[in-house]
Amino acid sequence: MTICRLGQQIHASLIKNGSVLDVFVFNSLLDMYCKCGQSEFAMKVFQGISEPSSTSWNIMICGFLSSGDLMSAQKLFDVMPYRDVSSWNTMLSAYAKCGELENAKRLFYEMPVRNLVSWNALIAGFSQNERFDEALSTFSEMLKAGIRPDKTTILSVVSAVSTISSPGDDVVKQVVGFARAIGSVSVLTAVLDMYAKLGRIDDARAIFDEISEKDLVSWNAMISGYSQNQKPAEAIQLFRDMQSECRVKIKADKLTMVSLISSCSQMGALALGEWVHTYIEKFGIEFDEYLAAALVDMYAKCGDLDRSRRIFQEMPRKDVALWNSMIKALAIHGEVKETLKIFAQMERNSVTPNDITFIGLLNACSHGGFAEKGLELFSLMQSQYQIVPRIEHYGCIVDLLCRAGRLTDAYDFVKKMPIKPDKVIWGALLSSCRSHQNVELAEEVARKLTELDPNHDGTYVLLSNVYASVGKWRDVKKVRDQMKAQNVQKAPGCSAVELDGVLHEFTAGDKTHPRFEEIYKAWDEIVKRIKPMGYEPDKGFSLKNLDEVDKEEALNRHSEKLALTFAFISTEHSQHKPAIKIVKNLRICGDCHTAMEFVSKLEGREIIVRDRNRFHHFKAGLCSCGGYW
DNA sequence: GTAGGGTTAG
């Protein structure tokens with residue numbers, strides 16, 4: 001504003017002094033007024049120019065476009081006496097940016113001369129409006145016309161390729177070839193990001209190592225690449241490398257922080273997450289909605305729902321993603337009523353929910369056994385918000401019906417779905433068959449699952465659990481043999497517990513921990529004390545085809561029990577006994593769930609388990625999931 | 001005139 005006033009003063013004094021204003025001075029004035037957002041006034045000045053040059057016209061067109069006035073820009077463009085390439089390109093990119101690609105295309109083929117910028121503008125237009133195929137076909141048309149792509153072309157094309165679900169190998173190779181030939185940091189970073197988004201994290205790393213003069217963007221792209229490919233430990237390690245290698249030259253920013261926080265929430269590493277939060281405050285990193293959403297998610301996934309609530313409430317501006325984060329946070333903690341309250345608030349604030357909002361809401365209903373409410377929301381989302389349900393939403397509904405015990409309804413729903421059910425849907429049905437001991441349906445569903453993915457370990461484990469739950473040990477063995485024959489390995493269950501900021505990991509039957517003997521003995525003691533309270537080991541959850549004694553032994557060495565016992569014996573003698581927080585990579589086992597209820601009562605300690613689905617707060621013999629899990 | 005990195009997801 002002050003700069004604009006200064007400009008006005010200069011303009012006024014030019015007139016006062018009676019200076020001769022040639023077209024160059026006029027153009028500078030036009031440019032100044034346009035850039036200060038005064039395109040209306042610039043237009044008056046423009047009309048006073050006796051012989052405007054084509055640059056004057058271009059500046060005015062640009063000015064109208066930047067103030068969002070496409071109509072005025074178009075009118076000027078139409079009456080221009082002479083159009084140079086820049087005029088055409090300006091108009092073309094304006095159409096491209098606001099998504100009017102039919103107009104952009106028309107202009108592109110109408111223009112008498114085209115240059116590299118014209119091609120780039122059209123390609124970028126397609127790419128930014130998610131019309132990736134057209135971006136690529138325009139690119140190849142450009143190559144056929146004998147035009148050599150530059151940095152800008154490749155940046156657009158690379159970003160188009162990274163968003164296509166499965167780009168052809170030859171396309172990727174060709175683009176990477178051009179990028180390597182250009183070899184600038186920004187282009188290589190774009191390629192790195194592309195590989196990361198395609199899930200080719202090793203290729204991404206190879207490019208990263210190739211960049212000699214890495215800047216903040218390159219580091220951030222690689223860190224977020226790791227984080228988005230479920231490699232949180234690598235993300236954090238890379239951040240440490242960045243700090244030790246170039247602490248002076250490169251300073252982490254809010255984008256770095258977002259990836260770090262997301263990594264912490266994946267690991268359930270609260271202490272580390274708090275450290276990042278402190279870092280943000282200490283270095284005054286700008287706190288925006290992205291960061292807030294990431295923190296809300298992190299604190300919730302690390303078990304501190306109150307911190308999530310506070311951060312959410314203190315944010316003055318809340319975008320959809322932030323609302324979604326809070327909804328999801330409450331959902332995984334089973335706070336169904338509060339989830340619905342937040343959603344009502346969101347509607348009152350006129351924030352339009354999106355597809356992800358409803359995934360969170362349906363999830364909450366499913367975790368709380370609110371089947372009717374969930375079905376109601378499912379139809380609201382279609383009727384009121386015109387959201388076409390994706391496979392994820394159907395998955396939520398199946399899950400919802402299953403957990404509410406409506407197995408038949410769930411199966412009918414799957415049969416009537418307009419989309420082909422995927423393995424997640426069948427998986428939800430199958431695990432529900434386990435809790436309702438429905439062998440017949442389980443076998444049918446398992447067949448569907450094996451058709452879709454013959455090597456998925458979960459199918460075999462679930463089916464074997466169904467058989468085990470009804471004591472069909474011979475069938476359990478059959479499944480196990482099949483697994484062996486197919487060479488399917490069960491993903492090992494892994495539980496971690498954080499003590500004094502150090503993460504201790506355990507796998508089932510783990511004997512690698514230095515204190516394993518002590519841990520085993522301590523658990524056996526606990527079992528002796530909870531059995532009289534009514535605990536009965538549920539051997540149906542033991543996967544192995546062993547005799548009764550061994551079955552109980554295997555059950556006693558599940559990773560979550562080891563983690564619990566370790567936390568327990570490590571804090572037994574300390575005065576302050578905070579809740580024990582365990583993070584498990586798979587779903588918590590049913591027997592472990594029962595055992596923990598008893599332990600929380602026996603020891604008067606709060607136990608919090610985060611499994612791959614949700615949180616379980618065990619307190620005084622009860623779990624917050626109320627049996628819906 | 002065209003331009004590389006971020007949150008939420010069964």
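What you see below is based on every heavy atom in this structure, not just the backbone, and it leaves out hydrogens, waters and symmetry mates. Every chain is numbered from 1, with letters handed out A, B, ... down the list of sequences.
A heavy atom closer than 4.0 Å to some atom of DNA chain B occurs in A:Asp253, A:Lys254, A:Leu255, A:Val258, these being the qualifying members of residues 253-261 of chain A.
Between the side chains of A:Asp611 and A:Asn585, no donor-acceptor pair of N or O atoms lies under 3.5 Å. Side-chain contact, A:Asn354 with A:Asn324: a donor N or O sits under 3.5 Å from an acceptor N or O.
Annotation: cation-pi geometry not satisfied between A:Lys254 and A:Tyr290 (NZ/CZ under 6.0 angstrom from ring centroid, within 45° of ring axis).
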Carefully, step by step, assess A:Glu338 and A:Arg309 under the rule salt bridge (charged side-chain N to carboxylate O under 4.0 Å, His left out). CA-CA 11 Å; A:Glu338 199 182 334; A:Arg309 288 191 182 103; 2.8 Å; yes
I'd like to know whether A:Lys373 forms a salt bridge (charged side-chain N to carboxylate O under 4.0 Å, His left out) with A:Glu376, so could you lay out the CA-CA distance, the side-chain angles of the two residues, the decisive distance to 0.1 Å, and finally the verdict. CA-CA 5 Å; A:Lys373 185 72 197 170; A:Glu376 193 187 296; 3.1 Å; yes
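The distance from atom CG of A:Asn324 to atom C1' of B:dT8 is 6 Å, rounded to the nearest whole Å. Between the CG atom of A:Asp297 and the C1' atom of B:dT8 there is a distance of 7 Å, rounded to whole Å. Atom pair A:Lys197:NZ and B:dA9:C1' shows a separation of 16 Å (rounding to whole Å applied). Atom CZ of A:Phe358 is separated from atom P of B:dT8 by 20 Å (rounded to the nearest Å). One atom, CE of A:Met91, and another, P of B:dT2, lie 13 Å apart when rounded to the nearest Å. What separates CD1 of A:Ile123 from C1' of B:dT2 is a distance of 10 Å, to the nearest Å. A straight line from CE of A:Met381 to C1' of B:dG10 spans 12 Å, rounded to a whole angstrom. Distance, A:Met417 CE to B:dG10 P: 16 Å, rounded to whole Å.
Looking at A:Asn120, its side chain has no donor and acceptor atom pair within 3.5 Å of the base of B:dG1. A:Asp215 contributes a side-chain N or O that forms a donor-acceptor pair with the base of B:dG4 under 3.5 Å. On a pure distance criterion of 3.5 Å, a polar donor-acceptor pair joins the side chain of A:Asp422 and the base of B:dG10. Under 3.5 Å, the side chain of A:Ser93 and the base of B:dG1 form no donor-acceptor pair of N or O atoms.
Using a 4.0 Å heavy-atom distance criterion, A:Leu116 is classed as making no nucleic acid contact. When heavy atoms are screened at a 4.0 angstrom cut-off, A:Ile359 is found touching the sugar-phosphate backbone but no base atom. Across all strands, A:Val185 comes closer than 4.0 Å to base atoms (heavy-atom distances). Base engagement by A:Ser218 is indicated by at least one non-hydrogen atom pair under 4.0 Å involving a base atom. Heavy atoms of A:Leu216 sit under 4.0 angstrom from at least one base atom. Nucleic acid contact class of A:Val187 (heavy atoms, under 4.0 Å, all strands): none. Counting non-hydrogen atoms under 4.0 angstrom, A:Asn354 reaches nothing in the nucleic acid. Across all strands shown, A:Asp319 has no heavy atoms under 4.0 Å from either base or sugar-phosphate atoms.
The nucleotide whose nearest atom lies closest to any side-chain atom of A:Thr152 is, among B:dT2, B:dG4, B:dA9, B:dT2. With distances taken from any side-chain atom of A:Asn115 to the nucleotides B:dG6, B:dG1, B:dG4, the minimum falls on B:dG1. Checking B:dA9, B:dA3, B:dT7 against the side-chain heavy atoms of A:Ala293 singles out B:dT7 as nearest. The A:Lys301 side chain lies nearest to B:dA9 when the options are B:dT7, B:dG1, B:dA9. In the set B:dT8, B:dG10, B:dG1, the nucleotide with an atom closest to the side chain of A:Val117 is B:dG1. Closest to the side chain of A:Val424, from the set B:dG10, B:dT7, B:dG1, is B:dG10. Of the candidate nucleotides B:dG4, B:dG10, B:dG1, B:dG10 has the atom nearest to the side chain of A:Ile391. Picking from B:dG4, B:dG10, B:dT8 the nucleotide with the shortest atom distance to the side chain of A:Ala321 gives B:dT8. Closest to the A:Ser325 side chain, of the nucleotides B:dA9, B:dT8, B:dG10, is B:dT8. Listed nucleotides: B:dT7, B:dG1, B:dA3. Nearest to the side chain of A:Val85: B:dG1.
Listed pair A:Lys214 / B:dG4 fails the phosphate criterion, with no side-chain N or O lying under 4.0 Å from OP1 or OP2. OP1 or OP2 of B:dG10 sits under 4.0 Å from a side-chain N or O of A:Lys328. Phosphate proximity of B:dT7 to A:Lys318: absent, as no side-chain N or O sits under 4.0 Å from OP1 or OP2. At least one side-chain nitrogen or oxygen of A:Gln228 sits closer than 4.0 Å to the OP1 or OP2 atom of B:dT7. Phosphate proximity of B:dG10 to A:Lys423: absent, as no side-chain N or O sits under 4.0 Å from OP1 or OP2.
With sequence neighbours excluded, the residues that form a ring-ring contact (aromatic ring centres under 6.0 Å, His included) with A:Phe208 are A:Trp219.
A:Thr256 contributes atom OG1, which lies 5.0 Å from atom CG of A:Leu216 (distance to the nearest 0.5 angstrom).
With A:Ile223 as the fixed residue, the side-chain contact (heavy atoms from CB on, under 4.5 Å) test singles out one of A:Ser262, A:Ser259, A:Ser263: A:Ser259.
The salt bridge (Lys or Arg N to Asp or Glu O under 4.0 Å) analysis of residues 353-371 of chain A, with sequence neighbours excluded, yields the pairs A:Asp355-A:Arg390.
The main-chain N or O of A:Ile211 is found under 3.5 Å from a side-chain atom of A:Lys214 such that the two form a donor-acceptor pair.
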